[in-house]
Amino acid sequence: MTTRIYDPERIEEKWQRRWEEQQAFRTPDDPETLRSRPKYYVLDMFPYPSGAGLHVGHPEGYTATDVMARMKRMKGFNVLHPMGWDAFGLPAERAAVREGKHPAEITARNINTFRGQIQRLGFSYDWEREINTSSVDYYRWTQWIFLKLYEKGLAYMADVPVNWCPKLGTVLANEEVKDGRYVETGDPVERRMMRQWMLKITAYAQRLLDDLEELDWPESVKEMQRNWIGRSRGAEVKFRVAGHDLDFTVFTTRPDTLFGATYCVLAPEHELVEKITTDEQRKKVEAYVREAVNKSDLDRTDLAKTKSGVFTGAEAINPVNGKAIPIWVADYVLASYGTGAIMAVPAHDERDHEFARLYELPIVEVVSGGDRPIEEEAYTDCAEGILINSRGLDGFSIEGLRVPEAIDTIIKWLEERKIGREKIQYRLRDWLFSRQRYWGEPFPIVHTEDGESIVLGEEMLPIELPEIDEYRPTEDGRPPLARAPGDWLKVELPDGRIGTRETNTMPQWAGSCWYYLRYLDPKNDQQAWSEEAENYWMPVDLYVGGVEHAVLHLLYARFWHKVLYDCGLVHTREPFRKLFNQGMILAYSYQDKAGKYYYPHEVEERDGKFFVRENGKEVTTQIEKMSKSKFNVVNPDEVIGQYGADAMRLYELFMGPLEVQKPWQMKDVEGVSRFLQRVWRLVVDEKSGKLNSRITDEPADSAEELNRVLHKTIRKVDEDTENIRMNTAIAQMMIFVNEATTAENLPREILGSFLRILAPYAPHLAEELWENLGQEGLISLAAWPEYDEKLCTDELIPIVIQVRGKKRDELMLPPDAGREDLEAAALASEKVRRFIGDSEIRRVIVVPGRLVNIVI
RNA sequence: GCCGGAGUGGCGGAAUGGUAGACGCCGAGGACUUAAAAUCCUCUGGAGGUAACUCCGUGCGGGUUCGAAUCCCGCCUCCGGCACCA
């Protein structure tokens with residue numbers, strides 16, 4: 001033993017090298033090992049390798065999964081714990097333009113940075129299984145899955161109104177746009193008609209909804225997906241247009257209010273608008289439609305607080321009572337939802353109410369029960385109301401019914417007369433699946449001159465990205481791939497025709513939709529994955545990542561997985577059995593009155609206030625999201641350089657519960673670093689560099705007190721780690737170390753057990769001390785210790801004695817003391833008797849092992 | 001507006017019907033040292049009291065219970081999601 005003090009840098013390098021030399025974390029793949037042990041697949045959401053490198057938020061989830069992977073390995077599981085790169089994407093393409101390099105080169109550089117940073121933390125990934133969604137070996141299979149989607153009729157081209165982002169020069173999916181802006185960058189998005197690839201995710205809406213039930217996911221994420229899918233039950237009702245041989249269908253969730261429909265509204269894009277508008281109204285209607293269609297989403301939603309619309313001059317016939325009601329055009333009705341047409345019931349719908357008041361349209365009450373007059377406020381409650389004014393031509397009536405019964409009754413009536421039917425409507429739209437970018441998967445599609453789209457066969461894969469000289473759209477607005485050389489763009493089809501390749505590419509989500517499957521068998525060049533590997537490893541047992549993917553990635557991946565399930569390519573309906581979202585790590589920032597930010601090292605604290613060192617100016621402090629512009633980003637390399645990877649890992653988990661947001665505090669890293677030094681000193685005498693002289697070869701029970709603390713600690717660390725409550729597991733290990741620091745004797749056996757539960761958390765330190773203790777083999781592969789339930793309780797435990805619910809005394813008694821003994825002991829207490837005084841004892845509540853409460 | 005989550009010392013947090021504040025940070029005192037750092041030990045929610053001890057205390061107001069941070073009702077604040085989806 002040469003080194004005396006704890007030197008993280010030295011031991012971390014040493015053990016990372018050993019692990020690599022011994023291939024300690026290779027995923028087992030020989031059939032015998034696989035068959036003989038249970039499996040555990042623990043997965044991180046793989047990162048997009050940005051140019052900025054890792055920040056301390058990334059390793060938070062990675063550390064948690066690594067602790068889990070290491071513990072499961074020690075418990076005898078075959079563990080699959082891989083890492084890879086979500087490597088296609090726009091930032092690399094933009095950097096390529098900026099630096100005049102190929103996106104692949106930028107991507108490779110960023111991946112090397114990320115990998116290096118991740119590896120310094122000593123994670124037990126199987127790097128033999130590293131994947132990269134932008135490598136041909138990978139994306140040929142993404143293209144292959146696209147063929148499966150196409151074969152099933154789930155991929156199609158359509159002229160659709162798209163979210164076009166001029167700044168990025170590409171279209172975006174609904175899921176990527178919020179309030180008329182791209183969620184990532186905030187760039188505004190416009191509405192445009194374009195011919196684009198779509199994936200029919202709506203065909204899976206009900207299954208995506210139903211199968212949420214079986215998942216061990218945070219309730220909030222399930223709820224967000226339910227909201228996004230947005231199932232609602234209602235009815236479609238057909239309305240005739242008066243004086244025309246035309247009709248249109250509306251969707252409503254409240255068919256019970258049909259008698260209260262006083263007008264109808266068509267979306268500006270509705271095909272009937274043109275046909276039914278009267279000459280008198282034509283000018284106004286055309287102007288309105290033109291303006292509405294060209295409005296950006298931002299104008300149509302967020303800013304449009306007051307409604308607008310124009311009367312078409314035409315009238316519809318309400319099928320239940322034969323009354324003619326006006327047909328309006330208004331952009332508060334969306335073309336993309338339902339049928340793009342509604343019946344308006346101002347008495348019982350807030351939006352219709354607002355519109356009716358604005359344009360002085362009639363309001364007819366058909367459900368009674370509102371608190372305020374119907375002219376003032378729409379009554380939308382479905383639980384209490386009773387139907388009124390709802391008697392039809394042929395004596396049909398739903399008057400007197402409650403809303404739910406009225407809905408069922410009228411749907412039946414509409415269906416009998418073939419003028420309507422029950423309808424389940426989803427908010428979910430089909431997934432816009434093409435992008436006008438270079439750095440993405442090319443589609444295995446060729447277009448012929450006569451407009452036919454031909455899908456290429458499996459044998460034609462991969463379709464490799466061609467080299468092009470500029471990564472920008474062409475002058476006439478076609479995607480960058482239109483710049484590709486002719487020998488790429490032009491393809492001779494098997495029948496001799498010449499076609500042109502599709503020049504759109506797939507969105508970044510494509511690669512991440514199935515990467516968890518490629519990890520199962522990443523080097524297979526015959527198949528995307530083998531059946532045996534899929535059967536063995538799937539589903540993912542634990543999936544950890546940020547909540548920002550609650551809808552996007554997680555919904556898309558579930559959709560693809562279900563398609564693969566229908567193709568017989570996977571055996572589970574769902575890919576991710578348990579999902580866990582880690583909370584964001586925030587940081588303190590410092591700002592002066594003018595709003596200028598300062599780095600933490602530029603600021604000092606005096607009496608609870610903060611001042612700039614240089615000029616004494618007072619600054620305020622706040623907790624914010626880490627950001628370069630706020631000067632509060634914490635770099636993991638610095639933390640590791642100063643305290644070591646083990647301290648970094650420990651602090652990431654000790655900060656608080658994994659799922660909550662919490663601020664990074666450097667002072668607290670020192671705390672866990674001190675803890676690791678204390679562990680070091682339990683084994684190593686820093687003065688001599690020899691083993692601590694208190695270490696003995698006596699059995700564990702020779703140090704009875706410490707042995708009890710050990711067993712309690714094993715139990716708590718085991719349970720808390722399984723339940724992803726690593727912060728309290730670490731607290732318990734601190735309790736053990738505090739106890740051991742003052743213990744007279746340290747049996748080798750006890751230290752060995754403790755080091756094994758510490759190993760998943762601080763693996764480098766644990767390996768080093770394990771070796772120092774003279775143990776054979778890697779601690780990372782040692783068996784997880786068992787705890788003895790009997791040793792988890794003390795011989796005497798504190799029993800609280802309350803009088804009228806207030807603690808008055810505390811007695812040390814055996815944990816298995818009976819009710820009578822506890823009561824007797826409590827009543828014998830001097831202090832307790834003082835509080836009872838002369839009062840009569842009315843009741844005594846005894847909770848064995850806990851407390852006695854005397855009620856007077 | 002609707003849906004979800006949270007509110008506990010100076011700070012991060014623990015306790016999910018049974019001792020409120022585990023563990024860590026900060027702070028105070030002591031030991032070691034020529035000294036400092038490091039380390040080790042003790043104290044550390046508030047108020048009162050020389051002390052034993054007492055009272056108060058988990059966003060606010062009520063309730064259930066022998067007993068509530070925890071369960072129920074009503075509010076306030078903050079965070080996240082959705083939002084003209086008929």
Side-chain angles (χ1 to χ4, degrees), chain A residues 5 178-179 218-228 230-232 234 250-254 257 265 300-302 304-307 330-334 336-345 348-352 354-355 380 425-429 547-548 550-551 581 583-584 588 605 608 623 650-651 654-657 659-672 674-675 677-678 681 686 725 727-735 737-738 741-742 798-810 831 834 842-847 849-856:
Chain A
I5 60 158
K178 191 194 163 187
D179 297 336
E219 200 46 49
S220 59
V221 174
K222 289 194 197 181
E223 199 54 31
M224 280 161 74
Q225 294 216 347
R226 286 189 197 108
N227 289 341
W228 191 264
R231 181 189 197 271
S232 43
V250 303
F251 172 71
T252 175
T253 54
R254 295 291 304 276
T257 61
V265 185
R300 272 179 82 150
T301 58
D302 209 36
K305 287 297 174 202
T306 36
K307 295 189 173 26
D331 69 359
Y332 81 90
V333 172
L334 307 177
S336 53
Y337 182 78
T339 59
I342 63 154
M343 64 177 209
V345 185
H348 306 291
D349 181 283
E350 282 167 17
R351 295 153 302 185
D352 298 343
E354 187 194 332
F355 193 81
T380 58
Q425 185 69 47
Y426 301 92
R427 205 189 72 115
L428 184 70
R429 312 286 153 84
V547 74
E548 66 273 18
V551 175
N581 295 123
M584 203 190 311
Y588 286 89
E605 187 186 351
I623 295 170
L650 222 50
Y651 178 60
F654 186 62
M655 292 175 84
E659 66 274 21
V660 305
Q661 290 196 2
K662 55 234 160 208
W664 187 274
Q665 301 193 101
M666 271 306 179
K667 271 284 178 199
D668 291 359
V669 185
E670 282 177 37
V672 293
R674 274 200 280 268
F675 161 71
Q677 291 173 53
R678 286 158 72 91
R681 284 193 296 268
E686 289 186 316
R725 291 195 302 255
N727 54 327
T728 49
I730 294 167
Q732 182 62 37
M733 289 192 273
M734 288 172 168
I735 291 172
V737 170
N738 290 345
T741 299
T742 53
I799 300 291
V800 170
I801 314 300
Q802 298 180 331
V803 179
R804 288 181 60 179
K806 287 198 176 198
K807 180 187 167 187
R808 294 303 178 189
D809 200 2
E810 186 179 293
K831 288 176 188 170
R834 217 167 59 223
R842 297 203 311 203
R843 224 176 126 183
V844 179
I845 287 126
V846 181
V847 183
R850 283 276 186 193
L851 58 65
V852 178
N853 186 10
I854 298 162
V855 187
I856 55 173

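Note on naming: letters A, B, ... go to the chains in the order of the sequence lines (proteins, then strands), and numbering restarts at 1 for each one. The structure displayed is predicted, hence computed values, not measured ones.
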Sugar-phosphate only, base, or nothing, as touched by A/Q661 at under 4.0 Å among non-hydrogen atoms: sugar-phosphate

Touch class at under 4.0 angstrom, heavy-atom based, for A/D352 against every strand present: nothing

Sugar-phosphate only, base, or nothing, as touched by A/R808 at under 4.0 Å among non-hydrogen atoms: sugar-phosphate

Sugar-phosphate only, base, or nothing, as touched by A/R427 at under 4.0 Å among non-hydrogen atoms: base

OP1 or OP2 of B/A86 under 4.0 Å from side-chain N/O of A/Y332: no

P gap between B/G63 and B/G12, integer Å: 32 Å

Under 4.0 angstrom between A/S220 side-chain N/O and B/G81 OP1 or OP2: no

N/O (side chain, A/R834) to phosphate O (OP1/OP2, B/C53) under 4.0 Å: no

Closest-nucleotide 5' rank along RNA chain B - winner of A/K662 and A/L851: A/K662

A/Q425 (side chain) donor-acceptor with A/G234 (main chain) under 3.5 angstrom: no

Intermediate values then yes/no, salt bridge (charged side-chain N to carboxylate O under 4.0 Å, His left out), A/E219 and A/R226: CA-CA 10 Å; A/E219 200 46 49; A/R226 286 189 197 108; 3.2 Å; yes

OP1 or OP2 of B/A14 under 4.0 Å from side-chain N/O of A/N727: yes

Protein-nucleotide distance (A/L334, atom CG; B/A86, atom C1'), rounded to Å: 9 Å

Inter-nucleotide C1' distance (B/C56, B/A20), Å rounded: 13 Å

Side-chain N or O of A/R678 closer than 4.0 Å to phosphate OP1/OP2 of B/C40: yes

Watson-Crick or G-U wobble partner of B/A22, both distances under 3.5 Å: none

G-U wobble or Watson-Crick pairing nucleotide for B/C40 (cut-off 3.5 Å, both distances): B/G30

Span that lies between the P atom of B/C71 and that of B/U58, in whole angstrom: 15 Å

Nearest-angstrom distance from the residue atom NZ of A/K831 to C1' of B/U19: 13 Å

Sugar-phosphate only, base, or nothing, as touched by A/S336 at under 4.0 Å among non-hydrogen atoms: nothing

Sugar-phosphate, base or nothing in reach of A/E810, heavy atoms under 4.0 Å: base

B/C66 phosphate, OP1 or OP2, under 4.0 Å from A/R804 side-chain N/O: no

Side chain A/K307 and base B/C84 donor-acceptor under 3.5 Å: yes

Rounded interatomic separation in angstrom, taking NZ from A/K807 and P from B/U19: 9 Å

Pairwise P distance for B/A28 and B/C82, with rounding to whole Å: 48 Å

Ring center gap for A/W664 and A/Y651 short of 6.0 angstrom: yes

Atom CZ of A/R804: over 12 foreign heavy atoms under 6.0 Å: no

Opposite nucleotide pairing with B/G80, Watson-Crick or G-U, both atom distances under 3.5 Å: B/C3

Distance in angstrom units between A/K806 NZ and B/A68 P, rounded: 10 Å

Euclidean distance, atom CG of residue A/L650 to atom C1' of B/G12 [Å, nearest integer]: 15 Å

Span that lies between the P atom of B/C60 and that of B/U70, in whole angstrom: 11 Å

Side-chain donor/acceptor of A/D668 to base of B/C25, under 3.5 Å: no

Closest-nucleotide 5' rank along RNA chain B - winner of A/I845 and A/K667: A/K667

Value in whole Å for how far the P atom of B/U54 lies from CG of A/D809: 10 Å

Sugar-phosphate, base or nothing in reach of A/N227, heavy atoms under 4.0 Å: nothing

Sugar-phosphate only, base, or nothing, as touched by A/V800 at under 4.0 Å among non-hydrogen atoms: base

Min side-chain heavy-atom separation A/T252-A/I342 under 4.5 Å: no

P gap between B/U64 and B/A69, integer Å: 16 Å

Cation-aromatic face contact A/K307/A/F355, 6.0 Å, 45 degrees: no

Side chain to side chain donor-acceptor pair (under 3.5 Å) assessment of A/N853 paired with A/R843: CA-CA 8 Å; A/N853 186 10; A/R843 224 176 126 183; over 6 Å; no

Nearest-angstrom distance, P atom, B/A22 to B/A35: 34 Å

Sugar-phosphate, base or nothing in reach of A/I735, heavy atoms under 4.0 Å: sugar-phosphate

Paired nucleotide for B/A14 [Watson-Crick or G-U wobble; both distances under 3.5 Å]: none

Whole-angstrom distance between B/G17 and B/C72, as gauged at atom P: 12 Å

Sugar-phosphate, base or nothing in reach of A/R674, heavy atoms under 4.0 Å: sugar-phosphate

Counter-base of B/C60, judged by Watson-Crick or G-U geometry with both distances under 3.5 Å: B/G74

Sugar-phosphate only, base, or nothing, as touched by A/P657 at under 4.0 Å among non-hydrogen atoms: sugar-phosphate

